[in-house]
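The next block holds one structure in the form of structure tokens; read it before the comments.
Letters go in sequence order (proteins before strands), and every chain restarts at 1. All figures in this text were calculated on a predicted structure; none of them were measured in a lab.
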Amino acid sequence: MKIATYNINGIRSRLGNLLAWLERERPDVACLQELKAPDAMFPAKALAEAGYEAAWVGQSAWNGVAILARGVRPVVSRRGLPGDAADVQSRYIEAAVDGIVIGCLYLPNGNPQPGPKFDYKLAWFERLIAHAAVLQASRHPVLLAGDFNVVPTDFDIYNTRSWLKDALLQPQSRACYAKLLAQGWTDALRTIHPDERIYTFWDYFRRHWETNSGLRIDHLLLNKRLAPRLVDAGVDRWVRGEKGASDHAPTWIVLDAGRSRPRRRTSGA
DNA sequence: ATGACTTACAGGGTAAGA
């Protein structure tokens with residue numbers, strides 16, 4: 001089972017890129033961020049024709065998240081992150097697919113910092129940490145996947161020089177990520193590739209794609225129930241090189257089949 | 001380097017992203 005996360009950076013303007021990727025890589029589940037589309041403008045029909053059912057939370061102009069599943073309907077368990085009823089930004093959706101609870105998230109960027117946007121990022125992160133504790137403790141296999149807008153360590157960026165003031169590298173942002181992992185989550189990409197420079201985002205400026213000047217900010221975190229099923233992880237870099245590409249590339253894991261229900265113990269014999 | 005690119009919304013020039 002292949003599950004991917006992909007910040008599409010505008011699902012309407014990049015629908016062709018999305019469909020080409022789905023057709024070629026055929027992920028079983030795709031978590032999308034930055035739809036930049038209101039609910040009514042989500043291209044559900046085109047995705048259904050490509051074999052994917054979807055659940056989404058849209059918003060005009062910015063944000064927006066979705067979970068696509070090939071051939072099955074995602075069973076939504078939550079729209080929006082708990083903890084702040086006044087938060088109107090569409091950054092979280094959670095659904096079960098094939099017995100796995102999947103939280104798809106788009107963590108606030110937080111720039112410029114310091115400032116209210118950075119405060120919002122850290123507050124949102126604390127709400128995520130609180131909800132993640134509940135998910136970690138649940139008896140279900142759980143995956144948290146999305147654009148976390150955090151470069152976890154200096155090994156996860158080509159060079160820190162021009163990013164030292166950026167919200168993605170701040171000690172507070174990294175401390176939140178470390179606090180989350182300390183609950184027992186497995187960072188799939190780093191676990192499978194402990195000694196490799198891996199990036200998931202290359203900005204549009206300064207020929208950063210052409211020079212492989214990237215950042216690792218899209219993450220897939222497995223709870224203790226799910227982690228034993230991790231088989232492989234990677235980045236579909238070819239997508240970033242396509243015409244009209246998002247500035248992120250799809251990032252994925254492969255899980256073994258597992259069991260949808262506990263096997264009944266056979267007695268006697 | 002309030003930079004550079006790119007998109008949404010709107011129908012020009014901001015706002016936002018990372």
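- For A:Arg240, there are no side-chain hydrogen bond (donor to acceptor under 3.5 Å, both in side chains) partners, not counting sequence neighbours.
- Listed by chain and residue number, A:Glu94 satisfy the side-chain hydrogen bond (donor to acceptor under 3.5 Å, both in side chains) test with A:Ser77 (two or more places apart in sequence, or in another chain).
- The salt bridge (charged side-chain N to carboxylate O under 4.0 Å, His left out) check on A:Lys36 picks up A:Glu34, with sequence neighbours excluded.
- Residue pairs meeting the salt bridge (Lys or Arg N to Asp or Glu O under 4.0 Å) criterion with at least one member in residues 121-138 of chain A, sequence neighbours excluded, are A:Asp87-A:Arg127, A:Glu126-A:Lys179.
- For B:dA16, neither phosphate oxygen OP1 nor OP2 lies less than 4.0 angstrom from any side-chain nitrogen or oxygen of A:Asn63.
- Evaluation of the side-chain hydrogen bond (donor to acceptor under 3.5 Å, both in side chains) rule for A:Asn111 yields A:Asn109, A:Asp166 as partners, not counting sequence neighbours.
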What would the secondary structure line of DNA chain B be in dot-bracket form, counting Watson-Crick and G-U wobble pairs under 3.5 Å, with [ ] for pairs that cross earlier ones and | for pairs with another strand? ....(((((...))))).
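- Contacts between residues 108-126 of chain A and DNA chain B, counted as heavy-atom distances below 4.0 Å, involve A:Asn109, A:Asn111, A:Lys117.
- Pairs engaging residues 219-240 of chain A under the ring-ring contact (aromatic ring centres under 6.0 Å, His included) rule: A:Phe148-A:His219, A:Tyr177-A:His219 [sequence neighbours left out].
- Listed by chain and residue number, A:Arg216 satisfy the salt bridge (charged side-chain N to carboxylate O under 4.0 Å, His left out) test with A:Asp187 (two or more places apart in sequence, or in another chain).
- Taking every heavy atom of residues 12-19 of chain A and every atom of DNA chain B, pairs under 4.0 Å involve A:Arg12, A:Ser13, A:Arg14, by number.
- Contacts with DNA chain B (heavy atom under 4.0 Å) in residues 200-213 of chain A: A:Phe201, A:Tyr204, A:Phe205, A:Arg206, listed by number.
- B:dT14 sits 22 Å from B:dA18 when the P atoms are compared, rounded to a whole Å.
- A gap of 14 Å separates the P atoms of B:dG11 and B:dA15, to the nearest Å.
- Under the side-chain hydrogen bond (donor to acceptor under 3.5 Å, both in side chains) criterion, A:Thr251 pairs with no residue, sequence neighbours left out.
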